Each structure stands twice: as C-alpha cells, then as structure tokens.
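Remember, predicted model here, so these are calculated numbers, not experimental data.
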Amino acid sequence: MDTMPDTSQPTALRTPDWYRTATRWTQLTLAEDDPVRFDPEVWIDLFRRTLSNATCLSAGGYIAYYPSQVPLHYVSRFIGETDPFGTLVAGARSLGMHVMARVDPHAIHQDAADAHPEWIAVDKEGRPRRHWAYPDVWVTCAYGDYNSRFMPQVVEEITRNYDIDAIFANRWQGHGVCYCDSCRTRFKADSGHDLPLQPDANDPVWQAWAAWRRKVLTAVVAQWDDAVKAIRPHASFIPNMSGSSLMEFDLSVIQKHCPFLVVDHQGRRGVEVGWSAGRNGKRIRATFPDRPVQMITSIGPEEEYRWKDAVTSGEEIVLWINDGAAHGIHPWFTKFNGVVSDIRWVEPVADAFAVHAALEPVLAPMRPAAEIAVIDPSTTLRHWAPEKRHEAERHDLGFYHALVEARLPFELLSDQVMTAEALDRFKLLVLANVSCLSDAQCEAIRAYVGRGGSIVAAYETSLRTETGAMRPEFGLADVLGVTLQSGPRGIVKNGYVALNGRHPVNAGYDGAARIIGGTRLIHVAPADGAEQPFLYVPDFPDLPMEEVYPREAPQGAAVVARETGSGGRSVYIPWNIGEIFWEVLAPDHSRLIGNAVRWALGAAPQVTIDGPGVVDLALREDASGLALTIVNLTNPMMLKGPVREVLPLGPQRVSIAMPPGRSVARAALLVAGRQVPATPQDGRVVIEVPSIDRLEVVHVTWR
C-alpha cells in the first residue's frame with residue numbers, strides 16, 4: 001500500500017486516488033425521524049474527535065434524506081424544509097474529509113409498490129414479499145428493473161447535486177432466490193432451467209442460479225459505477241461486499257470499477273473469535289492484495305435479535321477495530337440513529353482511531369510478509385447458499401484458529417488468483433478443504449510445488465472439479481503423495497488415530513498412543529517413500545460401554561508426510577481435522593496442525609514469539625525493516641462477545657530472522673512508544689516485550 005498523504009491537504013480531495021487517504025471512517029445511518037431530532041453539529045464534532053478523515057452518510061434508496069425529485073423516491077416525512085444529508089456533507093467537507101453517500105435499495109413503500117409491482121420480490125409460492133421486520137413495506141427484487149432502471153436515477157441525482165466521492169450501497173444484493181416473472185423468464189432463457197426451490201451446493205440448477213446471480217449483480221456494479229463516473233469522473237460506486245471474499249462477483253468487473261473494497265462484518269455473533277476481524281481483511285486481500293479495504297464495525301451487539309440502537313462493551317469495539325487494523329483494514333464505525341442516547345461508545349472508538357492514526361505512518365507503507373498462505377476456497381464456497389456457507393467454512397476456520405494458537409503469521413490467498421507470482425510469495429500453502437478445483441487450478445499448485453513450494457492439505461482437497469463433480473482420483477494425487485482407496489465416509493463416532501513411529505508431525509504427544517480422530521474419513525494409499533506419522537484406528541462401537549474397545553491394530557494412513565523431491569515438503573491429512581477442531585477445539589488437533597505446518601516449512605519460521613496468552617499476529621515489511629503487530633486475544637470472552645476485559649500479557653520473547661548481510665539499526669515498541677534492546681543470536685535478533693495490554697507493534701529497522 002502506498003504511503004498515506006495528509007488528508008488535510010486539498011490536493012488529497014476529489015482526485016482519482018482520493019480513497020487512499022480515506023483511512024478512518026464514521027458512518028451515520030439516519031432514522032426517518034432524525035431530521036427533527038438530531039443535531040448535525042454533534043456529528044461534525046465527532047468527526048473531529050475520532051480523527052475521522054472520511055464519512056459515509058445516509059442519502060437515499062429506501063428513504064431519501066434530501067429533497068429528492070426522482071418520482072417514487074420516498075422522502076422522509078420529517079424533512080420539512082431541511083436537507084440533513086446536504087448539511088452533513090458540507091460539515092464533513094469543511095474538515096477536509098472524504099464523503100460517501102449511502103443508499104439502501106432493499107425495500108419500497110406502498111406507493112412505489114402500487115405503481116410498479118414488478119419491483120417486488122416474490123417467494124417460491126408466488127407471493128409478493130412483505131418485509132420480514134416491517135410488513136408495511138415490500139422487499140425489492142435485486143435482479144430486475146428496480147436496481148437497473150429506478151436506482152440509477154437516484155444514484156445520478158445524488159452524485160449530480162452533492163459534493164461526494166462515492167456512492168455506497170447496502171443490502172443491494174437481494175435476499176435469496178426471487179421467483180418473480182422477470183427472474184423466472186430471464187433465468188430460464190439464460191440457463192434452460194426453472195429456478196431452484198432449495199439451496200443445494202451439489203445441485204446443477206442451484207449452481208446455475210448462483211452463476212446467473214453473480215452475472216446480474218456484477219452488471220449492476222458496472223452500471224451504477226458508470227452512472228457515477230459520468231457525472232463525477234473521480235468518484236465510484238462501492239458495493240457492500242458483505243463477507244463474501246468476492247466469490248459472488250466477476251473479478252474483472254471489480255478490478256475495473258472498485259478501487260477500494262468494503263467488508264460488512266460488524267462484530268462478533270454467537271461463538272466467534274476476535275481474529276474474525278482480521279480474517280475479513282485477509283480474505284479481500286487474498287484476491288486484491290493491493291486494494292485498500294475498509295471494515296464496518298458496529299458500536300452495538302451483533303446478534304440475531306437486532307439491537308441496532310444499543311451499545312456493546314468498549315473493549316469489544318476496540319478489539320474488533322484493532323484486530324482488523326492489524327491486518328491492514330482501515331477502521332470504520334457505524335452508528336444507527338443520529339440521536340446519541342448512550343455515549344459509552346465514543347471514547348473507545350476515539351481511542352482505537354487514535355492508535356490507528358499513530359501507527360499508520362509506519363505500517364501503511366509496508367506490505368504483508370508472511371511465509372504461509374491459507375488458500376481461500378472460493379470455487380468451493382460459491383456453490384453454497386450464503387446462509388449455509390458457514391457450514392462449509394468450518395474446515396477453514398479450524399485451520400485458521402490452529403495457526404493463531406501456533407503463533408504463526410499467515411495470509412489468505414484466493415484460489416481465483418493462483419498465479420505463479422502470487423503463489424511464489426509464500427513458502428507454504430495450506431489447503432484446509434479445498435475440495436473443488438479445476439484442472440488449471442490443480443496445475444498451478446502442482447507447478448508451485450515443482451518450483452520448491454510446500455503444502456499442507458486435508459480431507460477432500462482436489463477431490464471435486466470446479467463444478468462440484470466427484471473425481472475418480474484426487475486432482476493433486478501426485479502432489480499429496482496418495483491415491484484414493486475409498487470414501488469420504490461418515491459420520492464416524494468414537495474415531496481415533498494412532499501415533500506411528502517418531503516423526504516431527506507426531507511430536508509432543510508424550511504419554512499418548514492415540515488421539516481423537518475425525519468424523520469424516522477418506523482412505524488412501526501412500527506413495528512409495530511417504531511416511532505415515534498417524535494411522536487410523538479401525539472403527540469400534542461407542543455403546544454399550546462394555547464394547548468400547550478396538551478389535552484391530554491401527555492400519556491405513558491417517559497422515560501422510562513426504563519430501564516432494566523438488567525442495568519442498570507435503571503433509572496430507574485425509575480426514576476433516578479442520579472442521580472437527582473448530583467444533584470441539586481439541587488441543588491435540590491444534591498441535592497436529594501446528595506440527596504439520598512447521599515441519600512442512602522445512603526451517604525455523606521467519607518470526608517466532610514465545611510467551612503466555614493467545615495472540616493474533618500480523619507481519620509486515622519494507623526495504624527498511626519489519627513490523628510485527630501482536631493483538632492480545634486473551635480475555636474471559638475470547639470465544640463469545642462482548643469482551644468484559646482484556647487480560648494483560650506477561651513477557652513475550654520475539655525472535656526474527658535477519659536478512660543476509662543486515663544488522664539491526666533500531667528496535668522499538670510503537671504502542672509503548674520506546675526503543676528496546678535487540679540481541680543478535682545465530683542469525684536472528686531477539687527482542688523482549690515486557691508486557692502487552694490490547695496490542696503492541698514490534699518495529700525493527702535494518703542497517
């Protein structure tokens with residue numbers, strides 16, 4: 001990422017590169033009665049107090065907060081002679097800020113529904129869809145005339161009449177399959193199929209609908225962006241990408257039209273770890289490594305009960321912002337309702353934004369420098385309905401958490417962009433369950449391994465084609481060092497894997513002859529010369545209790561480890577270790593994944609850190625040095641928000657490999673604001689970090 005210029009300079013505004021200086025965002029989503037209740041000056045003061053240099057403000061779509069002249073564009077009935085949107089735009093511009101106008105096209109009022117019933121989404125029973133939360137209004141069809149004919153008029157009016165840099169759309173992607181006449185006709189003409197009635201990742205009709213939806217939505221992105229640029233050439237349409245890792249869009253369209261990207265994963269929900277914030281940034285960077293990413297953070301809880309005008313704990317807000325920022329995401333907070341009835345969120349946001357502003361001059365010019373990449377399996381996940389996708393992601397989440405526990409910095413890399421240049425940035429690829437891969441994608445990984453790269457893979461990786469069809473053999477059988485015998489099978493209860501001989505992959509299990517295995521198993525034959533650090537324990541009953549004992553000796557490879565012959569190593573685990581670790585969090589599975597990755601690396605990691613607690617690491621570097629950001633995840637609510645308190649960490653020992661011919665010029669702790677000793681040791685430099693509260697950045701410069 002380029003060095004960030006000072007946003008207070010007029011030259012940073014209204015230029016094609018304006019978004020590069022939009023690094024701290026305030027979003028205000030107005031309620032309909034705000035025009036007669038809120039004080040715009042309170043918000044302009046909050047812009048100053050939080051050091052925000054950009055803002056996203058409610059403009060139109062479902063409700064207009066300006067005097068719109070577009071027919072059927074509903075204007076707030078409380079607006080009177082005022083222009084709340086225009087007032088806030090002027091206030092932000094007076095502070096030298098960037099401005100993005102928010103539109104929400106997901107619902108319409110009765111007058112628009114009466115005039116254009118074709119704008120309304122239809123359920124599979126043929127009934128027009130009333131809004132699930134507010135039945136007085138109607139849900140729109142995202143794939144037809146409402147988004148392609150009506151909303152461009154709104155976009156053009158806002159862009160023409162107000163001094164903005166972008167239009168941002170929320171809830172513009174639709175809510176599942178729409179069964180209106182237009183969707184039925186167009187999908188049939190495009191695919192030859194009737195619309196699917198159920199989401200099923202293995203159904204060719206569902207896959208055809210997912211592809212059709214992707215095509216329609218990317219066309220909307222291009223159309224709206226062209227409309228904006230026709231009026232203000234420096235400006236853009238920026239779609240809310242949700243947490244999709246861009247799998248739902250034609251990447252060429254995003255490449256052309258979206259200079260920066262916005263993730264809408266506003267906080268933790270249910271059982272979720274704080275590193276989810278940073279994962280959002282990694283997922284976008286997995287496809288577009290050089291594009292700025294903003295992540296929306298809610299100041300309220302993110303639960304299904306939708307307390308959108310509430311305030312969560314300050315530590316929860318700070319954790320989410322800090323972990324996202326550690327992985328290169330620009331912070332963005334959102335407040336619903338312009339009346340601030342509970343101010344407890346203000347100081348935490350201001351504190352987190354201030355830390356970001358202080359660290360930005362050092363971290364922004366640097367690039368991610370991890371040696372390990374986890375492949376983000378977009379080709380696999382796009383077959384799943386958005387509401388079901390979390391089930392398929394369990395494999396990836398388990399590996400992600402195990403690598404965090406192992407204190408190994410890593411990035412994500414999309415399987416959509418596996419060029420030689422992208423792959424060769426890394427020494428090791430992790431494929432947690434990249435089941436769907438095309439022949440070309442398999443060949444890209446095979447060539448990477450042929451150039452000396454290493455891999456760790458698990459379960460169904462490469463067992464299916466890009467369409468989801470089962471292959472008779474792994475697409476990467478030669479790379480994994482196995483041939484398929486049978487499976488997958490399961491659910492297997494009471495399953496185990498047994499240690500087999502002595503190998504770094506099965507180290508650290510002193511006292512154990514076997515550990516918990518998986519619940520979904522594949523049986524493989526290892527290639528000649530491959531080692532088998534673990535073997536399957538053949539199935540045996542889990543009840544009656546008197547029958548719970550193995551009948552046969554361990555047999556069949558449960559882990560296959562080998563030297564590739566090209567300078568790298570491979571480890572293949574033919575069961576669902578990532579998925580089952582995410583479900584039960586057995587420490588033996590975390591150890592196995594960590595052991596496999598460390599052995600496959602073939603050498604000591606570039607950076608190691610030893611000490612108490614759970615931390616999320618982000619490694620960045622440039623020609624002058626390296627920065628290791630350490631986010632403290634150690635708190636009583638690590639797996640379930642909101643955080644009550646963060647438990648400060650004791651001493652941490654950081655060891656960093658020095659580049660050949662270089663020595664340390666300076667070592668500093670950026671959050672503590674002081675230099676620290678750096679001790680050379682066997683080609684590495686060792687730095688002691690006395691303690692960490694919320695986060696710390698170890699910054700080393702070379703001479």
Go through the steps for K215 and D250 under the test salt bridge (Lys or Arg N to Asp or Glu O under 4.0 Å), then give the verdict.
CA-CA 7 Å; K215 182 171 70 172; D250 181 330; over 6 Å; no
Can you check side chain to side chain contact (heavy atoms under 4.5 Å, CB included) on I164 and M100, steps first, answer last?
CA-CA 6 Å; I164 63 169; M100 186 153 64; over 6 Å; no
Is it true that E579 and R520 make a salt bridge, defined as a side-chain N closer than 4.0 Å to a carboxylate O?
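A salt bridge links E579 with R520.
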Kindly give the heavy-atom pair with the smallest separation between [X] and [Y], and that separation in Å.
{"X": "T461", "Y": "A432", "result": "OG1-C, 4.3 Å"}
{"X": "G468", "Y": "Q207", "result": "CA-NE2, 4.5 Å"}
{"X": "W320", "Y": "I296", "result": "NE1-O, 4.3 Å"}
{"X": "C258", "Y": "I238", "result": "CA-CD1, 4.5 Å"}

Within the distance-only criterion (no hydrogens, no angle test), does the side chain of [X] pair as donor or acceptor with the backbone N or O of [Y] below 3.5 angstrom?
{"X": "D104", "Y": "G61", "answer": "no"}
{"X": "E371", "Y": "F410", "answer": "no"}
{"X": "R562", "Y": "V479", "answer": "yes"}
{"X": "T159", "Y": "V155", "answer": "yes"}
{"X": "R598", "Y": "A406", "answer": "yes"}
{"X": "N280", "Y": "S276", "answer": "yes"}
{"X": "E621", "Y": "A627", "answer": "no"}
{"X": "N595", "Y": "V505", "answer": "yes"}
{"X": "N240", "Y": "A169", "answer": "no"}
{"X": "T564", "Y": "S566", "answer": "yes"}

Between [X] and [Y], ring centroids under 6.0 Å:
{"X": "H589", "Y": "W575", "answer": "yes"}
{"X": "Y448", "Y": "F426", "answer": "no"}
{"X": "W332", "Y": "F168", "answer": "yes"}

[Y] and [X], any side-chain heavy atoms less than 4.5 Å apart:
{"X": "L619", "Y": "L626", "value": "yes"}
{"X": "R382", "Y": "Q416", "value": "yes"}
{"X": "H265", "Y": "E272", "value": "yes"}
{"X": "C436", "Y": "H383", "value": "yes"}
{"X": "L617", "Y": "W275", "value": "no"}
{"X": "P105", "Y": "N147", "value": "yes"}
{"X": "N433", "Y": "T380", "value": "no"}
{"X": "S182", "Y": "F187", "value": "no"}

Residue pair [X] / [Y], side-chain donor-acceptor N/O under 3.5 Å:
{"X": "H98", "Y": "T21", "answer": "yes"}
{"X": "R24", "Y": "H330", "answer": "no"}
{"X": "E466", "Y": "T379", "answer": "no"}
{"X": "T15", "Y": "D17", "answer": "no"}
{"X": "T23", "Y": "E360", "answer": "yes"}

Stepwise, does the side chain to side chain contact (heavy atoms under 4.5 Å, CB included) test hold for K229 with D226?
CA-CA 5 Å; K229 283 185 167 56; D226 287 343; 5.5 Å; no
Mind telling me whether [Y] and [X] have parallel, tilted or perpendicular rings, with 30° and 60° as the class edges?
{"X": "H395", "Y": "Y459", "result": "parallel"}
{"X": "W582", "Y": "H401", "result": "perpendicular"}
{"X": "F260", "Y": "W18", "result": "perpendicular"}

Dump the intermediate steps for side chain to side chain contact (heavy atoms under 4.5 Å, CB included) on L601 and K427, then the final yes or no.
CA-CA 7 Å; L601 270 175; K427 292 183 179 179; 4.1 Å; yes
Output the distance between atom [atom1] ([X]) and atom [atom2] ([Y]), rounded to the nearest 0.5 Å.
{"X": "T519", "Y": "R489", "atom1": "OG1", "atom2": "CZ", "answer": "11.0 Å"}
{"X": "Q441", "Y": "R446", "atom1": "CD", "atom2": "CZ", "answer": "12.5 Å"}
{"X": "L412", "Y": "D396", "atom1": "CG", "atom2": "CG", "answer": "8.5 Å"}
{"X": "T287", "Y": "K282", "atom1": "OG1", "atom2": "NZ", "answer": "14.5 Å"}
{"X": "Q173", "Y": "Y143", "atom1": "CD", "atom2": "OH", "answer": "8.5 Å"}
{"X": "R569", "Y": "S454", "atom1": "CZ", "atom2": "OG", "answer": "7.5 Å"}

My understanding is that only one of L437, D439, V434 makes a side-chain contact (heavy atoms from CB on, under 4.5 Å) with S462; could you say which?
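Answer after filtering L437, D439, V434: L437.
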Checking side-chain contact (heavy atoms from CB on, under 4.5 Å) against M295, which of D264, D323, I329 comes through?
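It is I329, the one option of D264, D323, I329 that forms the side-chain contact (heavy atoms from CB on, under 4.5 Å) with M295.
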Walk me through whether R279 and D376 qualify under salt bridge (Lys or Arg N to Asp or Glu O under 4.0 Å).
CA-CA 11 Å; R279 180 173 179 259; D376 192 22; 5.0 Å; no
Decide salt bridge (Lys or Arg N to Asp or Glu O under 4.0 Å) for R389 and E393; before the verdict, give the C-alpha distance in whole Å, the side-chain angles of both, and the deciding distance to 0.1 Å.
CA-CA 6 Å; R389 198 169 287 149; E393 287 190 284; over 6 Å; no
Checking ring-ring contact (aromatic ring centres under 6.0 Å, His included) for the pair F333/W25: CA distance, chi angles, key distance, verdict?
CA-CA 6 Å; F333 82 90; W25 288 77; over 10 Å; no
For D290, which of R285, R20, R367 qualifies under salt bridge (charged side-chain N to carboxylate O under 4.0 Å, His left out)?
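The single option meeting the salt bridge (charged side-chain N to carboxylate O under 4.0 Å, His left out) with D290 is R367.
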Should R186 and V216 be marked as a side chain to side chain contact (heavy atoms under 4.5 Å, CB included) after you check the CA-CA gap, both sets of side-chain angles, and the distance that decides it?
CA-CA 10 Å; R186 292 166 62 215; V216 172; 3.9 Å; yes
Verdict with reasoning, D194 to K188, per salt bridge (Lys or Arg N to Asp or Glu O under 4.0 Å):
CA-CA 6 Å; D194 293 328; K188 181 82 171 183; 3.4 Å; yes
Could you give me the CA-CA distance, side-chain angles and deciding distance for S590 and E405, then say whether side-chain hydrogen bond (donor to acceptor under 3.5 Å, both in side chains) is met?
CA-CA 7 Å; S590 180; E405 287 193 349; 2.6 Å; yes
